[in-house]
Number of protein chains: 2
Amino acid sequence: MSAPTPLPDVSNEPALTRLNRLAALDEAAQSELNASLRRRRSAQARREVVAEGEVITEPLLILRGWAARVRVLPDGRRQLINFLLPGDLIGLCRHPDPCTASTILAITDVQYCTAPRGAPDAPLGIAYAVSRAIEEAYLLSAITRLGRLNAQERLHDLFLEVLERMQLAGITSDNSIPMPLTQEVLADALGLTSVHVNRMIQLSRRQGHLVLAGGTLTITDPDALGSMIGRSPVRIWGGC
Amino acid sequence: MSAPTPLPDVSNEPALTRLNRLAALDEAAQSELNASLRRRRSAQARREVVAEGEVITEPLLILRGWAARVRVLPDGRRQLINFLLPGDLIGLCRHPDPCTASTILAITDVQYCTAPRGAPDAPLGIAYAVSRAIEEAYLLSAITRLGRLNAQERLHDLFLEVLERMQLAGITSDNSIPMPLTQEVLADALGLTSVHVNRMIQLSRRQGHLVLAGGTLTITDPDALGSMIGRSPVRIWGGC
DNA sequence: CGGAAATTTGAGATTGTTCAAATATGGTGG
DNA sequence: CCACCATATTTGAACAATCTCAAATTTCCG
């Protein structure tokens with residue numbers, strides 16, 4: 001009954017699931033990825049994965065956990081620019097890159113590996129390109145979030161973004177996701193105070209928008225919540 | 001004494017100045033650009049250059065005036081995501097691009113043209129890549145600006161960004177720039193109210209940080225102002 | 001069971017908003 | 001050159017959102 005060796009195990013590696021959805025990976029890509037996956041490194045929570053100004057020699061692929069691109073002001077104020085989830089890439093610099101003055105910080109314990117080189121036209125390269133484009137779209141969303149949404153809306157918008165991204169990576173299929181973020185970390189991402197984040201979470205709980213307990217976040221009705229703030233999911237193949 | 005015909009006239013086209021500084025353009029690139037430049041189109045202030053969701057078939061190059069990428073919420077709130085100045089490119093999509101749900105709005109009258117194709121390794125393609133990278137760096141800055149700076153700091157930070165970019169395009173060499181933006185437009189870029197923007201401008205005037213009158217902005221001491229908010233100019237060749 | 005970290009609560013201080021009106025400013029036609 | 005209009009800036013005062021600072025509580029982990 002023993003079947004021939006199947007394709008490399010993609011079943012439970014969110015990073016593979018995600019890349020595979022961005023562009024159908026061929027066998028070459030799969031095996032390169034699997035080779036990389038085996039040489040995984042890890043970073044402890046609160047440690048820097050890539051320090052500010054450090055020259056990234058190779059792009060990295062997040063496998064497990066949450067990291068974030070963070071910028072710190074001289075007086076200590078801190079802004080989390082974006083979260084990096086399994087399947088996200090770091091330092092994919094297409095060309096001479098103005099060395100982005102930002103640090104990559106492990107929010108939880110993080111596992112990552114070197115992202116195998118992908119020729120621009122190979123499936124892997126296409127997946128990378130799509131990934132970059134998606135990342136940029138989320139950056140634009142973050143600007144609108146911080147500029148024009150109020151505290152509660154910001155919270156909802158961020159939670160919806162994370163849900164959407166987790167679903168893409170196959171980490172969840174329903175409306176629940178792991179939520180290891182401290183209210184303080186959330187505050188630094190939302191441009192708010194942790195005290196105020198706390199109050200907004202409680203408000204949203206009372207209103208039945210979400211359930212947040214025991215490290216799990218459930219969003220009652222993502223579509224309804226999204227339409228309240230004019231949020232449309234980031235589309236993967238929008239044309240262009 | 002008549003010299004041989006010089007290279008195409010780059011002397012007073014900010015877009016050429018900028019691209020030429022991002023990557024030394026060879027004669028081929030110069031002449032392609034000049035050909036494009038001659039077929040310039042224009043858009044009136046307050047008109048859309050590219051409507052939301054519209055498929056961009058060709059990348060565009062801004063030649064004169066100010067445009068902005070803008071996102072509008074269902075209830076009318078508006079966020080200007082970034083400004084597009086002479087030499088900036090629109091719709092440089094490297095690959096399948098999640099059709100960015102944002103509109104390009106002409107803030108002033110704008111002249112633009114089709115950006116000539118640039119092979120990835122040709123000088124033009126390199127200039128485009130650097131341009132993209134710079135744009136992304138400014139997006140990250142915008143997130144920090146909106147998330148962690150207060151009203152007056154946001155104003156200063158934005159003004160410094162624009163000054164920096166205008167200098168790169170050779171539009172100004174001192175610390176003065178044209179400032180055609182309405183306080184209302186500034187407010188939409190800064191995530192503030194036009195009333196509050198007004199008050200912050202007056203405050204900065206009183207403190208001697210800037211002079212703003214007659215459509216011209218002068219920043220008294222850019223370096224000093226920048227260091228007050230931990231702002232470091234975006235570097236063009238940061239390694240990587 | 002302890003202790004450190006995270007969440008929650010309260011009350012007052014700030015910052016930024018809202019609404020409305022007053023005052024420039026710039027461009028246009030006469 | 002002036003009067004006039006539309007648009008942009010400026011001002012005031014009340015209000016709302018968010019922050020700050022401290023002090024409980026609760027939760028998590030060993």
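In what follows, every heavy atom counts, from backbone to side chain, and hydrogens, waters and symmetry copies are set aside. Each chain gets a letter, A, B and so on, in the order the sequences are listed, and its residues count up from 1.
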What contact category does Gly191(A) fall into here, base, sugar-phosphate, or nothing, at under 4.0 angstrom with non-hydrogen atoms?
sugar-phosphate
Scan Arg46(A) against the nucleic acid and name what it touches under 4.0 Å (heavy atoms): base, sugar-phosphate only, or nothing.
sugar-phosphate
Counting only side-chain N and O atoms of Asn198(A), is one of them less than 4.0 Å from OP1 or OP2 of dT7(C)?
no
Can you measure Leu203(B) atom CG to dG16(C) atom P for me and round it to whole angstrom units?
11 Å
Side chains of Leu33(B) and Leu61(B) in contact at under 4.5 Å (non-hydrogen atoms):
yes
Would you say Ser131(B) and Arg18(B) are linked by a side-chain donor-acceptor pair, where the criterion is simply a distance under 3.5 Å?
yes
Base, sugar-phosphate alone, or nothing: which one does Thr193(A) contact when heavy atoms must sit under 4.0 Å apart?
base
Just call it for Ile201(B): base, sugar-phosphate, or nothing, with non-hydrogen atoms closer than 4.0 Å on any strand.
nothing
Categorize Arg205(B) for me: base, sugar-phosphate, or nothing, with a 4.0 angstrom heavy-atom threshold over every strand shown.
sugar-phosphate
Taken to the nearest whole Å, CZ/Arg199(B) to C1'/dG16(C) is 9 Å
Would you please say whether a donor-acceptor pair under 3.5 Å links the side chains of Thr144(A) and Arg77(B)?
no
Considering just the side-chain nitrogens and oxygens of Gln183(B), establish if one lies under 4.0 Å of OP1 or OP2 belonging to dT10(D).
yes
Quick one: do Arg41(B) and Glu58(B) make a salt bridge, cutoff under 4.0 Å?
yes
